[in-house]
There are 2 protein chains.
Amino acid sequence: MHRQAPTLEDVAREAGVSRATVSRVVNGVRNVDPGIQDLVRSAIERTGYTPNRAARALVTRRTGTVALIVSGAGDAFVGHVFADPFFGRVVNGVVGYLRLHAMQPVLLFAESEAARKQVVDYVRQGSADGALVVSVQPDDPLPDMLLSARVPTVLFARPARTVPVSCVDLDHHAGGRLAAEHLVARGRRRLAVIGAPPDLRAGRERLAGFRAALARAGRDSPPVAEGAFTLDSGARAMAALLRDHPAVDGVFAANDLMAQGACQVLRELGRRIPEDVAVVGFDDADIAVTCRPPLTTVRQPVEDMAAAMARLLGEQVQGTRTEPRTLVFEPELVVRQSA
Amino acid sequence: MHRQAPTLEDVAREAGVSRATVSRVVNGVRNVDPGIQDLVRSAIERTGYTPNRAARALVTRRTGTVALIVSGAGDAFVGHVFADPFFGRVVNGVVGYLRLHAMQPVLLFAESEAARKQVVDYVRQGSADGALVVSVQPDDPLPDMLLSARVPTVLFARPARTVPVSCVDLDHHAGGRLAAEHLVARGRRRLAVIGAPPDLRAGRERLAGFRAALARAGRDSPPVAEGAFTLDSGARAMAALLRDHPAVDGVFAANDLMAQGACQVLRELGRRIPEDVAVVGFDDADIAVTCRPPLTTVRQPVEDMAAAMARLLGEQVQGTRTEPRTLVFEPELVVRQSA
DNA sequence: GTGAAAGCGCTAACAT
DNA sequence: ATGTTAGCGCTTTCAC
């Protein structure tokens, strides 16, 4: 019972002009008589016309949407991606940029070989003008697949192998340094690290930066317990560190979730934070604020990075810039109560 | 320098058949000779053909995407939506259903009058087959706008006014009852409630259910402090309750975030949980598990509800079912350590 | 400055 | 069972 949606044709008839003229008005092309413009505009108003996106996309080969792909391995993957507040921040940053440019993000998950194929097909079908990729896997095949499908692509975080693709990243080394310098300045002498899985470059660099700053301050290299970016793994790592180094008085955790886990263990063992043990996290996630005590942490400007990612993609799609670019952001120390 | 993407025409030429036949094979229509099917399939393989979505959408009037709209009022809105893990769960549920049906969600935010117009236009342009709406505002104009634009729509949570639209919701009353019964069974005698803003129906019903169960158990109606679903507001409400009712030994918070805030205040004031004060939350968010102590809470099956929402929309788009339906889900008590 | 006409890549009658 | 044909609604040369 749908009355057909009005088309350009309908508006043209209503305004007594040709389709071409209406199209020009709708798309803001100059060379249209102001009087006729008004005529057309009121006809659009009267008919309630809205341009059909599919028809437009068919001829312009632009859709006005970009794929926002969360890519990584496995399992209950999709179920847990948004459990990590990190992705929410990415979405916010991307949306913040796109909406100013009348573009929309399509959310895609690429957690398996099959899903990756689907995702690549989706963008190849011209359903999106380009792809923004957030990988949670050290060696993700997706960027290569996208590239060889000639899809404009921008990555969050540099890939393990060098690939000719634009990306935004953080200066993780500087982040580690900030954490070390802060703990040293607070007079902490027996430091320890809750690290990331060693195959993640970001984690390695945070650790390297932390170590380098300590060495510069004349300190020994700290003991490291490996975590997996989860609250639980942070708690376990903290317990292990305390067992082997009971006198520890300062801890650097490679993300806030693990820092929170560490805090829980410390408190349960009766250590005061920061008096007995100072804790520094990484990311400045929401939990850094709500955690008890609130976390001193190295802030990663995720929203800004995500917005930049969208901007880079926009430039690439428009052809404004074609050669790949890497944008590296600076972390910032946020001092709260845990250190 | 883009070599043109291969079209149906190219495949047809390669296979020595007509476009129509290729189309039939691609779309799995029967009445195609098996031999020819193989011929076509290998031609598709050789050319690397992928159907163009815009062209397909133009004729079928189906896009294979649905709008996932987060709607509500104001401010730093977009920046905070994903801070609430609730939306992540909705996304997960929706994606879980859609991917089985080769559909994709487009993420839209409608936080202002202007944004709402944009969003409605977007779907009216035929960019999506329908809309899934999650409102965070008691009296949201968006559903009405969508309906009068004849967009197939399904809501998360019943709207304040009765609107002829499908929706999924929780039996909040039953949820409140579960919380009350549990606290009573645990022998708590002086109960209190950290409630929701009174204009939210869900909050009112949780409270009503809680009260009704208490009345049935012969208890007095509990004191209520109003919160705003945030950690902070929960902490403040708890502080206020303790001030006015220092002997309270059981608390029901209308969501987990407020329950966590309450726990923080209780611990800081030296109350043991659950020995001195038992705390029951609502939702079963991730923080219910990571909170110290882990929260006993009323689980809302958000993922299932979101999946059902997607399914209802699918049926509506296909025309399988046209009259609006309301699906009400049952909450479930999850007992952990806080009560 | 405006209109006529071609065609984007696909599906779906209809004809064979 | 397969091919022919007519559009879907729009943008965009190319004439005028």
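Chain letters run A, B, ... following the sequence lines, proteins first and then strands; every chain starts at 1.
With sequence neighbours excluded, the residues forming a side-chain contact (heavy atoms from CB on, under 4.5 Å) with B:E323 are B:R321, listed by chain and number. For A:D10, the salt bridge (Lys or Arg N to Asp or Glu O under 4.0 Å) partners two or more places apart in sequence, or in a different chain, are A:R13. In terms of the side-chain hydrogen bond (donor to acceptor under 3.5 Å, both in side chains) criterion, residue partners of B:S18 (sequence neighbours excluded) are, by chain and number, B:T21. Annotation: side-chain hydrogen bond (donor to acceptor under 3.5 Å, both in side chains) contacts of A:D144 (sequence neighbours excluded): A:R161. Partners of B:D140 according to the side-chain hydrogen bond (donor to acceptor under 3.5 Å, both in side chains) rule, which considers only residues two or more places apart in sequence or in another chain, are B:S71, B:S135. Every side-chain hydrogen bond (donor to acceptor under 3.5 Å, both in side chains) that A:S42 has, sequence neighbours left out, goes to A:R46.
Rounded to 10 degrees, the angle separating the terminal helix axes of the helix from C:dG1-D:dC16 to C:dT16-D:dA1, each built from five base pairs, is 40°.
Summarising the geometry, the separation between CD1 on A:I44 and C1' on D:dC10 is reported as 13 Å, rounded to the nearest angstrom. Rounded to an integer number of Å, the gap from B:R62 CZ to D:dC8 P is 18 Å. Between the P atom of D:dG9 and the CG atom of A:N52 lies a distance of 7 Å, rounded to the nearest Å.
Taking 4.5 Å as the limit, some side-chain heavy atom of A:L170 sits within range of a side-chain heavy atom of A:P301.
Under the 4.0 Å criterion applied to side-chain N and carboxylate O atoms, A:R311 and A:E315 are assigned as salt-bridge partners.
Residue contacts shown for B:N31 include a base, since a base heavy atom lies under 4.0 Å away.
Sorted pairs that involve residues 53-64 of chain B and meet salt bridge (charged side-chain N to carboxylate O under 4.0 Å, His left out), not counting sequence neighbours, are lacking altogether. For residues 31-62 of chain A, there are no ring-ring contact (aromatic ring centres under 6.0 Å, His included) pairs, not counting sequence neighbours. Evaluation of the ring-ring contact (aromatic ring centres under 6.0 Å, His included) test over residues 118-163 of chain A, restricted to residues two or more places apart or in two chains, returns A:F86-A:F156.
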Next on the checklist: Base contacts versus sugar-phosphate-only contacts with protein, heavy atoms under 4.0 Å: please encode nucleotides 11-16 of chain D as B, S and - from 5' to 3'.
Outcome noted: BBB---
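When DNA chain C is scanned 5' to 3' for any atom under 4.0 Å from a heavy atom of chain B, the first and last hits are C:dG9 to C:dA13.
Nearest-nucleotide positions on DNA chain D place B:I36 closer to the 5' end than the other of B:L58 and B:I36. When the nearest nucleotides of DNA chain D are assigned to B:S18 and A:T50 by heavy-atom distance, the more 5′-ward of the two goes with B:S18.
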